[in-house]
Every structure is written in structure tokens, then in C-alpha cells.
S.K.: 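This is the structure, below, for whatever I ask next.
For the single chain, residues carry numbers from 1 onward in sequence order. Computed from a prediction, not measured in an experiment: that's the story for all the values here.
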Amino acid sequence: MKLDSYEQFFEIVSKDKLFKFGLDNIISIDAEHAKKLWDELKTNVSQNVNSKLFIRSSGRDGKGNDLLKAMYKDVLGIDIEIDPTNNTKPTQLLERNTGYRKNESIFNYQVSHVFGLTKNVFCFTAPWNIVFIPKIIDPFTGHEAKGEYVEEFQIQFQKYIYSKYKELIDDYNCLIRSKYPEIQSYLEKNAEPKKLKDYLKDFQEIKILEKSETVPFKEKKGCSLDNKKLCGMKGRRIACNVNYNGTQESYSSMSRTVLEVIKTICTKVQYTEKELRDIFPDSVAKNVESGYSGFKTVFIEEKQANDHDFFTKDIIHLKDKAIAISKQWNVSNFRNFKQIVKEEFNINIIELV
């Protein structure tokens, strides 16, 4: 049996009302003024005004800072500074441009980077990426938060901010798209291989995903395999990029990735349950890093599934029956799944961690 404390909480307090409270009480910079600040930030980068160019410290004890400073110097020709507290400069920017000061005119608010990307000089102090948010909402935005409720709020949160600053965020996407190949090339040559994805995830384009997004592998401009761009979602769980037949799609978790990949496979060929199980035997789902003791299987018949362990709202219809896909995936069994789809279908999955 699985328990989600958020689900228990929402039996007492309405989830919709709490989410609405969180969104209604966000304090952000006026959109028109934010455009001026965004233009100033881009000018500071182009003119190397290093007294105003900051990022958050990278890695434990700042071990990645020297590499990032060198990358910015060699690739963009700029000198960057590390924020002294990891949030000083964003806080100061918000206070100057909203008229609110923490613990003076507002209480129990904190600074939130809506899309993350805090090692990216274009995003750490971007006026469209930082807001004051009520601390009571932090369980749905903090980096340790996990679960469907967290994903649901974060999507609403990001969509809300994107609607307010669409022009600026689209401008950022265009800008980083042009600079990403050089950044990627530099980091591939100079970063430790095991840490490469950690560095690259801070230089992604911003994409707002719908939780119910089911269109598989739709083509996304600027994300071809030729330049190996990683245009993924900055999520709180392990987001993944999926490359297939020259197109790319991004999903917010390993379990969602498994679901969407299998759905796509089943749109190409109409399998029976036995045929699909020959491709994905139960052993693929062996979950050695979890105490989970329920179904250890990739999929199960719809009538046997339950809401906690399977995607029951996204049923896949095979030739002979309907099935639901397991949500029980971690680094261990996801590795098995990735290997199979690579070998059998030439589908490449990249974890954005």
C-alpha cells in the first residue's frame, strides 16, 4: 500500500483552493518593467558588466564554479560572479522592482526560481524567472518535492508565469538555442563525464508541458539530433528527452516516459498482450532499489490495475485487451527499459539529471 501525505491533506483542505491561493498570491515584477530589466541583463552580458552578472554556486562546496567561470569566459567572453548566498541578487532585484521587502512589508514569503536554470547567467536574475511565493506553497515547488500533486502545481505555476512573460521567455529560448551548441561542446570537452548532464540541464530551452500530454514524439523546432540539443523540461523529478526517427519529445518523469514510449510503440504496430510481453517481460520492471512489494510488472490488464500503481487514465488498447502501464520506475529498472527500447526500436532516452 502506498501513502501520499499530500493526498491525505487534501481530504481536509481543497487542493484546488490551495493551488489557487498559491497562484493568486505570487508577487512578481510588472511585465512591462520586466522587459526593460531583461533588455538590461542582455546588454550587461553583451558588454561584460561583470559587477551585474551572477549565477548560483555549482556543486557541493562550489566545486563546479571554476569550470563554469572558465566556460563563460571562453564561450561568451564574460566574467561572472557567484551569488554570495545563492539568492542575494534575485532577492534584491525583486525587492527593488516590486516595492516589497522580506520581513518588513511581506512575511512568510520566499524567492522562487520558476524554471530553475540557476547556473545560467541569463536566468539566475532574469525578471521572468524569479518571484516571491508564499512559503506554505513551498512543498509543491521545493527541489525535494515529488509526486503527481507537485507536478500538477508546478505545471500550473509555470504556465501562469509563461502567460505573463511569454515574449521574454520566447526571446530567451531563441537566445539560448543559438548559444547552446558552443556551451555543450565546451562542457563535453572539459566536464567530468558523470557530471555533464548536471551542467547541461541549466542551459535548456524552457518548455511548458501539459500533464495530460499524450501526443508522442511530436517534432520540436530547434531540437534535431544533428546538434544534440537537450530541450527538456526543468522538473523536480528526473525528466527525460526521447529521440526517435529524428524527432524529440520531453517528459517530466521516468514513469511518464515509459508510458509515452510504449504508447508510441503500440501506435506503430498492433500487438497482442503476449507479443508485447515478449518484448517487455516482467523482469524488466524488477525494482531492486525500492521496498515496493506490489506488482512487479511493466504492464497489467486494465481491470486488474489500480490508481496508485498504474496509469489508469491512460489506457493502451492492444489487439486483444486493454492494459495499464506501471508507475514504479527508478534508476535501476528504468535502465533495463532504456536498453530494450534502444535495441528493439532505436529509441534513445536521455535522463536530464
Side-chain angles (χ1 to χ4, degrees), residues 1-28 56 87 108-118 123 129-164 169 197-198 201-202 204 206-214 232-241 249-260 287 289-292 306-314 325-331 334 351-353:
M1 179 179 180
K2 292 176 60 180
L3 293 176
D4 187 327
S5 64
Y6 291 174
E7 186 173 344
Q8 294 170 302
F9 177 73
F10 288 137
E11 292 179 0
I12 302 172
V13 177
S14 166
K15 176 197 71 175
D16 292 338
K17 287 184 178 180
L18 181 62
F19 284 6
K20 185 177 185 301
F21 166 83
L23 296 176
D24 288 348
N25 287 278
I26 288 171
I27 299 173
S28 56
R56 179 171 287 175
N87 249 353
N108 295 311
Y109 273 81
Q110 65 187 45
V111 174
S112 175
H113 282 83
V114 183
F115 303 101
L117 309 178
T118 55
C123 300
N129 193 34
I130 52 176
V131 298
F132 285 128
I133 193 167
K135 283 188 176 181
I136 197 171
I137 299 298
D138 182 61
F140 299 95
T141 63
H143 71 278
E144 295 181 351
K146 301 185 188 307
E148 291 187 11
Y149 294 114
V150 173
E151 179 182 344
E152 183 178 349
F153 179 77
Q154 288 173 355
I155 289 174
Q156 291 184 31
F157 181 30
Q158 292 184 356
K159 285 179 67 176
Y160 172 81
I161 296 300
Y162 180 72
S163 68
K164 182 171 183 175
I169 295 172
K197 286 188 286 186
D198 282 334
K201 71 180 182 181
D202 274 276
Q204 308 301 315
I206 291 170
K207 180 185 177 189
I208 309 299
L209 291 180
E210 295 284 354
K211 184 177 180 180
S212 60
E213 184 175 10
T214 58
M233 170 182 172
K234 171 74 172 62
R236 305 296 185 183
R237 291 183 280 177
I238 299 182
C240 299
N241 279 345
E249 188 55 76
S250 302
Y251 300 109
S252 59
S253 66
M254 292 183 288
S255 59
R256 174 58 64 174
T257 301
V258 171
L259 169 67
E260 299 298 345
N287 207 326
E289 295 178 6
S290 172
Y292 175 65
N306 61 70
D307 287 331
H308 291 291
D309 304 320
F310 294 89
F311 286 99
T312 54
K313 294 181 180 179
D314 293 274
I325 304 299
S326 171
K327 295 179 180 177
Q328 296 294 324
W329 299 90
N330 60 23
V331 174
F334 190 60
E351 297 164 53
L352 301 177
V353 295

S.K.: Begin from the C-alpha positions of I238 and T257 and carry the test side-chain contact (heavy atoms from CB on, under 4.5 Å) through to its verdict.
M.R.: CA-CA 10 Å; I238 299 182; T257 301; over 6 Å; no

S.K.: Decide yes or no for Y160 and V114: does some side-chain heavy atom of the first lie under 4.5 Å from some side-chain heavy atom of the second?
M.R.: no

S.K.: Determine, stepwise, if the pair F115 / Q158 fulfils side-chain contact (heavy atoms from CB on, under 4.5 Å).
M.R.: CA-CA 7 Å; F115 303 101; Q158 292 184 356; 3.7 Å; yes

S.K.: Between CG of L259 and CD1 of I325, what distance do you get to the nearest 0.5 Å?
M.R.: 6.5 Å

S.K.: Whether K135 engages the ring of Y109 as a cation-pi pair (distance to the six-membered ring centre under 6.0 angstrom, angle to the ring normal within 45°) should be assessed.
M.R.: no

S.K.: Just to verify, what does I136 make a side chain to side chain contact (heavy atoms under 4.5 Å, CB included) with, not counting sequence neighbours?
M.R.: F21, P134

S.K.: Any idea which heavy atoms bring K327 and F310 closest together, and the distance?
M.R.: CE-O, 3.2 Å

S.K.: Do F19 and Q156 make a side-chain contact, defined as non-hydrogen atoms from C-beta onward lying under 4.5 Å apart?
M.R.: yes

S.K.: Could you pull out all residues at least two apart from Y162 that satisfy side chain to side chain donor-acceptor pair (under 3.5 Å)?
M.R.: D170

S.K.: Quick one: do E249 and N241 satisfy side chain to side chain donor-acceptor pair (under 3.5 Å)? Show the steps, please.
M.R.: CA-CA 6 Å; E249 188 55 76; N241 279 345; over 6 Å; no

S.K.: Looking only at heavy atoms, which two atoms of F157 and S112 are closest? And how far apart?
M.R.: CE2-OG, 3.8 Å

S.K.: If the condition is side chain to side chain contact (heavy atoms under 4.5 Å, CB included), which residues does Q8 pass it with, not counting sequence neighbours?
M.R.: L3, S5

S.K.: Could you tell me whether the side chain of I169 reaches within less than 4.5 Å of the side chain of K207, counting heavy atoms only?
M.R.: no

S.K.: Does any donor atom in the side chain of K164 or S28 lie under 3.5 Å from an acceptor atom in the other side chain?
M.R.: yes

S.K.: What residues form a side chain to side chain contact (heavy atoms under 4.5 Å, CB included) with F9, not counting sequence neighbours?
M.R.: V13, L18

S.K.: Report the C-alpha separation of I161 and V131 in whole Å, then their side-chain angles, then the decisive distance to 0.1 Å, and conclude whether the side-chain contact (heavy atoms from CB on, under 4.5 Å) test is met.
M.R.: CA-CA 9 Å; I161 296 300; V131 298; 3.9 Å; yes

S.K.: For D202 versus T118, what's the shortest heavy-atom pair and its separation?
M.R.: OD1-N, 2.9 Å

S.K.: According to side chain to side chain donor-acceptor pair (under 3.5 Å), who are the partners of K15, at least two apart in sequence or on a separate chain?
M.R.: E152

S.K.: Apply side-chain contact (heavy atoms from CB on, under 4.5 Å) to the pair N129 and H113, showing each step before the final yes or no.
M.R.: CA-CA 5 Å; N129 193 34; H113 282 83; 3.6 Å; yes

S.K.: If you measure from CZ on F311 to CD on E260, what distance do you get to the nearest 0.5 Å?
M.R.: 8.0 Å

S.K.: Would you say the side chain of F334 lies within less than 4.5 Å of the side chain of V258, judging by non-hydrogen atoms?
M.R.: yes

S.K.: Are the side chains of I137 and N25 in touch, meaning some heavy atoms are under 4.5 Å apart?
M.R.: no

S.K.: So do M254 and C240 actually touch side chain to side chain, heavy atoms under 4.5 Å?
M.R.: yes

S.K.: With a 4.5 Å cut-off on side-chain heavy atoms, are I206 and L117 touching?
M.R.: yes

S.K.: Where do E351 and K201 land on the salt bridge (charged side-chain N to carboxylate O under 4.0 Å, His left out) test, with the steps shown first?
M.R.: CA-CA 10 Å; E351 297 164 53; K201 71 180 182 181; over 6 Å; no

S.K.: D16: what forms a side chain to side chain donor-acceptor pair (under 3.5 Å) with it, not counting sequence neighbours?
M.R.: none

S.K.: Is there a side-chain contact between F140 and Q154 (heavy atoms, below 4.5 Å)?
M.R.: no

S.K.: Working to the nearest 0.5 angstrom, can you tell me the gap between N87 CG and I130 CD1?
M.R.: 8.5 Å

